[in-house]
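First the structure, then my questions, so here it is.
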2 protein chains.
Amino acid sequence: MVGKSEPGVVTLREVAEVAGVHPSTVSRALNPATSHRVSKAVVRRISETAERLGYRANLVAASLRTGRSHLIGILVPDIANTVFSPILSGASERLAAEGYLTVVADVPDGGRQLDLARSLVARQVEGLLLAAVTRDDPLVDYCIAQRLPAVLVNRSEARRRLSSVVSDDALGMQLAVDHLMDLGHRAIAQIGGPESTSTGYNRHRGFLAAIAARGLAPEAAPCESAEAYAREAGQAAAHRLLEAHPEITAFVAANDLLALGCYDALKARGLRCPADVSVVGHNDMPLVDLVAPPLTTVRISHREMGWEAADLLLQGMRDPSASTRTLVLAPQLVVRDSTARPRTAARRRGAG
Amino acid sequence: MVGKSEPGVVTLREVAEVAGVHPSTVSRALNPATSHRVSKAVVRRISETAERLGYRANLVAASLRTGRSHLIGILVPDIANTVFSPILSGASERLAAEGYLTVVADVPDGGRQLDLARSLVARQVEGLLLAAVTRDDPLVDYCIAQRLPAVLVNRSEARRRLSSVVSDDALGMQLAVDHLMDLGHRAIAQIGGPESTSTGYNRHRGFLAAIAARGLAPEAAPCESAEAYAREAGQAAAHRLLEAHPEITAFVAANDLLALGCYDALKARGLRCPADVSVVGHNDMPLVDLVAPPLTTVRISHREMGWEAADLLLQGMRDPSASTRTLVLAPQLVVRDSTARPRTAARRRGAG
DNA sequence: GGAATTTGTGCAACCGTTTGCACAATCAAG
DNA sequence: CTTGATTGTGCAAACGGTTGCACAAATTCC
């Protein structure tokens with residue numbers, strides 16, 4: 001016989017019995033939304049009894065009855081990735097304010113996402129925050145088919161069928177490119193992220209657009225995309241670029257880890273940063289201000305991103321007919337020491 | 001009328017009706033643990049029907065009946081802190097393997113921990129992983145009083161009333177001190193963490209013990225504890241120590257962030273690391289291999305820690321009478337470039 | 001080939017709340 | 001002092017599964 005929970009756990013019924021009222025009255029008295037329907041005196045008696053007995057409502061039972069779990073699921077590709085921590089933190093702050101708790105599912109970017117989502121749905125989560133989608137993700141189809149409120153964070157989906165909160169990737173790239181060109185760079189390469197992610201895709205296009213806007217020929221701006229947002233992948237891409245285009249004086253990376261991989265490649269080739277080659281990252285993740293040299297990067301406020309996504313999700317839950325919205329946060333360029341005038345420009349300037 | 005979940009959500013009863021059997025039979029057929037009690041043919045028919053109708057069990061309902069939520073709560077002081085991400089990651093990996101999902105509560109180290117814990121209990125979590133306890137924490141009393149399986153991670157409690165998984169702080173300090181003394185340092189200061197945390201307390205004592213074991217006089221090993229595990233606090237403590245003991249040639253920090261704060265203080269005073277002063281950190285958090293200079297530190301495998309804690313929790317849940325255990329993980333010294341021979345020793349060596 | 005056992009399915013209670021409805025008591029209005 | 005509205009409480013049926021028990025049918029055993 002299961003279900004007979006540990007003795008000592010007080011139920012609503014017991015409180016009712018001790019207080020000498022009907023269970024429904026206890027329920028009403030203890031629920032702030034309905035306690036006005038019970039006389040003051042009884043409310044007090046019940047509250048006292050509940051307190052004395054150490055009564056704690058069983059939210060699982062309440063969930064079953066009301067159909068509301070007050071649980072939100074968050075799918076992240078890698079909790080250990082420092083980018084997601086602030087997103088999580090911001091989201092859970094916003095959700096906690098409304099009485100929601102977050103169930104975190106760390107899903108190793110393989111094909112298990114859908115399983116996880118299903119498992120969360122089985123647990124009656126009321127909404128989903130998705131931080132791990134690709135540009136064309138079956139997860140999105142799933143949420144739509146299930147009419148499950150969901151919001152994308154950090155990455156968006158090609159068809160914009162769900163609300164999302166993202167950084168303005170085009171602007172980020174423009175900031176990076178403008179900064180480098182203002183310094184005098186004229187041979188700028190991009191290390192892009194995986195094209196399957198919106199960030200990889202958009203930052204790549206943003207880079208090209210920024211280059212074109214400044215009138216630089218595409219040949220002067222070669223691109224390579226890394227297979228993953230990882231240091232090793234960045235290093236490999238940087239090597240490929242330097243091999244094919246030795247004239248490069250600056251790198252724009254789609255992500256800080258890629259930028260750090262770029263550092264590795266430069267070091268391996270005996271090139272100094274920023275003296276020989278400048279590097280710009282993206283995200284401004286913790287500690288990149290301390291690496292050598294401190295990384296110039298495009299800052300994204302991931303905490304705010306998480307907060308806003310949670311907020312959007314709450315809105316969507318309240319009003320399922322609300323239109324899907326894309327909230328675009330403006331990134332900010334943080335100039336540190338990994339960018340400087342290119343040697344040629346410096347020389348030219350010295351000569352002029 | 002709530003509780004009438006969205007139309008289109010298939011229930012057990014509907015599956016039963018379509019398959020022409022009793023709901024209880026469907027329940028048994030779909031549960032791997034009981035499906036052997038149903039004939040092969042019927043199991044298949046039911047499975048097909050369920051599949052066809054897109055049936056998804058409502059785990060909330062199941063929880064209510066069985067008293068098992070398959071939910072584990074994790075209390076962390078700060079999700080955004082990069083130390084906790086791998087703990088979370090390791091724990092959720094282990095728990096997911098047993099069908100448990102994790103509910104993360106990010107609790108800002110104030111007094112709300114108990115509230116959060118209560119809220120998790122109300123949601124019928126089956127166990128708690130506590131990564132945010134102090135050496136004498138009311139949360140521990142609460143878990144014991146509630147007979148709630150709980151395991152401490154990263155930090156332990158003075159009275160060892162709950163199982164915990166921690167790093168061997170004494171050993172960590174010994175590794176750090178031995179390394180520095182082997183290099184020739186004889187004036188080593190410690191920047192400790194908050195004494196209210198077991199890590200702060202134990203690392204401080206470990207440091208003193210290691211110093212004593214090598215026969216160094218306590219006067220040659222001054223200590224300061226930082227108010228928090230934060231860069232600024234480390235910087236302040238380093239300044240205090242350098243002010244009072246200008247002869248210091250090496251710092252042992254209780255945590256990497258404190259060590260990085262120490263870098264800040266050295267820089268502010270025009271001292272070079274490691275040329276003038278060596279620094280050893282603790283944790284080996286992500287990216288400290290890239291800061292300038294790459295940090296020599298005591299590595300703790302936080303991911304493993306989280307995994308083991310989850311494992312211990314599962315054991316404790318299976319057998320509530322099991323004795324509490326303390327699992328001590330051995331840390332490892334990772335030597336990078338922030339430690340070197342002290343100038344005096346180098347000079348002496350050069351002269352000899 | 002009849003008794004003893006096993007197998008497969010149905011029945012109904014139960015987990016702990018919530019809530020629409022009913023109804024008595026109290027109050028306000030005329 | 002009736003009539004009508006309001007207030008406070010109880011009743012019982014949910015919510016969607018799970019499971020002990022009962023019992024018919026199929027199987028095994030001697």
Side-chain angles (χ1 to χ4, degrees), chain A residues 1-46 50 53-70 121-124 126, chain B residues 1-46 50 53-70 121-124 126:
Chain A
M1 182 61 194
V2 200
K4 194 81 222 136
S5 34
E6 312 87 281
V9 173
V10 188
T11 71
L12 190 74
R13 224 174 293 274
E14 301 179 58
V15 175
E17 205 162 328
V18 175
V21 294
H22 193 268
S24 64
T25 305
V26 177
S27 173
R28 280 189 276 255
L30 262 26
N31 182 343
T34 51
S35 62
H36 68 276
R37 312 184 53 53
V38 178
S39 70
K40 286 276 175 216
V42 175
V43 168
R44 196 146 42 94
R45 179 151 48 93
I46 290 176
L53 300 184
Y55 169 71
R56 297 279 143 201
N58 181 333
L59 262 36
V60 166
S63 285
L64 176 57
R65 176 61 227 245
T66 62
R68 313 214 34 203
S69 65
H70 283 273
V121 169
R123 285 179 161 85
Q124 309 299 108
E126 295 181 39
Chain B
M1 181 61 191
V2 200
K4 194 85 222 134
S5 33
E6 312 86 286
V9 174
V10 189
T11 70
L12 190 76
R13 228 171 290 273
E14 301 181 57
V15 176
E17 205 163 326
V18 175
V21 294
H22 193 268
S24 65
T25 306
V26 177
S27 173
R28 280 189 278 254
L30 262 26
N31 181 343
T34 51
S35 62
H36 67 276
R37 312 185 53 56
V38 179
S39 71
K40 286 277 175 216
V42 174
V43 168
R44 197 145 42 90
R45 179 151 48 93
I46 290 176
L53 299 184
Y55 169 71
R56 297 277 143 203
N58 180 332
L59 261 37
V60 166
S63 284
L64 178 57
R65 175 62 226 244
T66 62
R68 311 213 37 204
S69 65
H70 284 275
V121 169
R123 284 180 159 85
Q124 309 299 107
E126 295 180 39

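By convention in this document, chain letters (A, B, ...) are assigned in the order of the sequence lines, proteins followed by strands, and residues within each chain are numbered from 1.
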B:Tyr55 has an atom OH; how far is it from atom P of D:dG16, in whole Å? 10 Å
DNA chain D: 5'-proximal contact among B:Asn31 and A:Val42 (nearest heavy atom):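 Looking at DNA chain D, the more 5' nearest nucleotide goes with A:Val42.
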Using OP1 and OP2 only, check whether a side-chain N or O of A:Ser39 sits under 4.0 Å from D:dT9. yes
Does any non-hydrogen side-chain atom of B:His36 lie less than 4.5 Å from one of B:Val43?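 When only atoms from C-beta onward are counted, B:His36 and B:Val43 do not touch, as no gap falls below 4.5 Å.
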Rounded interatomic separation in angstrom, taking NE2 from A:His36 and C1' from C:dT19: 13 Å
Closest nucleotide among C:dA12, D:dG16, C:dT19 to the A:Thr66 side chain: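 Minimum distance to the A:Thr66 side chain belongs to C:dT19.
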State whether the distance check finds a donor on one side and an acceptor on the other, under 3.5 Å, for side chain A:Arg28 versus base D:dG10. yes
Beyond-backbone contact of A:Leu30 with A:Ser35, side-chain heavy atoms, under 4.5 angstrom: no
Candidates C:dT9, C:dC21, D:dG17 - which lies nearest the side chain of B:Arg13: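 My answer, after comparing the listed nucleotides, is D:dG17.
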Output for pair (A:Leu12 CG, A:Glu17 CD), nearest 0.5 Å, gives 11.5 Å
Report yes if at least one side-chain N or O of B:His22 is closer than 4.0 Å to OP1 or OP2 of C:dT9; otherwise report no. no
For the side chain of A:Thr11, starting at C-beta, report the closest nucleotide among D:dG17, D:dG10, C:dT17. C:dT17
Measure the CZ-OG1 distance between A:Arg45 and A:Thr25 for me, rounded to the nearest 0.5 Å.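 If I round to the nearest 0.5 Å, the distance is 9.5 Å.
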B:Arg44 has an atom CZ; how far is it from atom C1' of C:dG8, in whole Å?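 The distance from CZ of B:Arg44 to C1' of C:dG8 comes to 16 Å, rounded to the nearest Å.
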Grab the CZ-P distance between B:Arg37 and D:dG20 for me, whole Å please.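 Going from B:Arg37 (CZ) to D:dG20 (P), I get 10 Å.
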Nearest to the side chain of A:Arg65, which nucleotide is it out of C:dG16, D:dG10, D:dG16?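 Nucleotide nearest to A:Arg65's side chain: C:dG16.
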5'-most by nearest nucleotide on DNA chain C - B:Arg45 or A:Thr34: B:Arg45
Can you tell me which nucleotide in C:dT18, D:dG16, C:dA12 comes closest to the side chain of B:Ala61? D:dG16
Counting side-chain heavy atoms from C-beta on, which of D:dG17, C:dA12, D:dG10 comes nearest to A:Val21?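 In terms of side-chain proximity for A:Val21, the closest of D:dG17, C:dA12, D:dG10 is D:dG10.
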Report all side-chain donor-acceptor pairs from residues 56-64 of chain B shorter than 3.5 Å, counting only partners two or more places apart or in another chain.
unit_1	atom_1	unit_2	atom_2	d
B:Asn58	OD1	B:Val60	N	2.8
B:Asn58	OD1	B:Ala61	N	3.2
B:Ser63	OG	B:Leu59	O	2.9
B:Ser63	OG	B:Arg68	O	3.0

Side-chain N or O of A:Ser24 versus OP1/OP2 of C:dT18: is the shortest distance under 4.0 Å?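 A:Ser24 to C:dT18 OP1/OP2: no side-chain N or O under 4.0 Å.
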From NE2 (A:His22) to CZ (A:Arg13), nearest 0.5 Å: 8.5 Å
Hey, is the side chain of A:Ser27 poking within less than 4.0 Å of OP1 or OP2 on C:dT17, counting only N and O atoms?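 No, outside the criterion.
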Protein-nucleotide distance (A:Arg123, atom CZ; D:dG17, atom P), rounded to Å: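 About 14 Å, once rounded to whole Å.
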Looking only at side-chain atoms of A:Leu64, point me to the closest of D:dT18, C:dG10, D:dC15. D:dC15
From CG of B:Leu12 over to C1' of C:dC14, roughly how many Å is that when rounded to an integer?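 Going from CG in B:Leu12 over to C1' in C:dC14 covers 15 Å.
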Between D:dT18 atom C1' and B:Arg68 atom CZ, what is the distance in whole Å?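 The distance from CZ of B:Arg68 to C1' of D:dT18 comes to 14 Å, rounded to the nearest Å.
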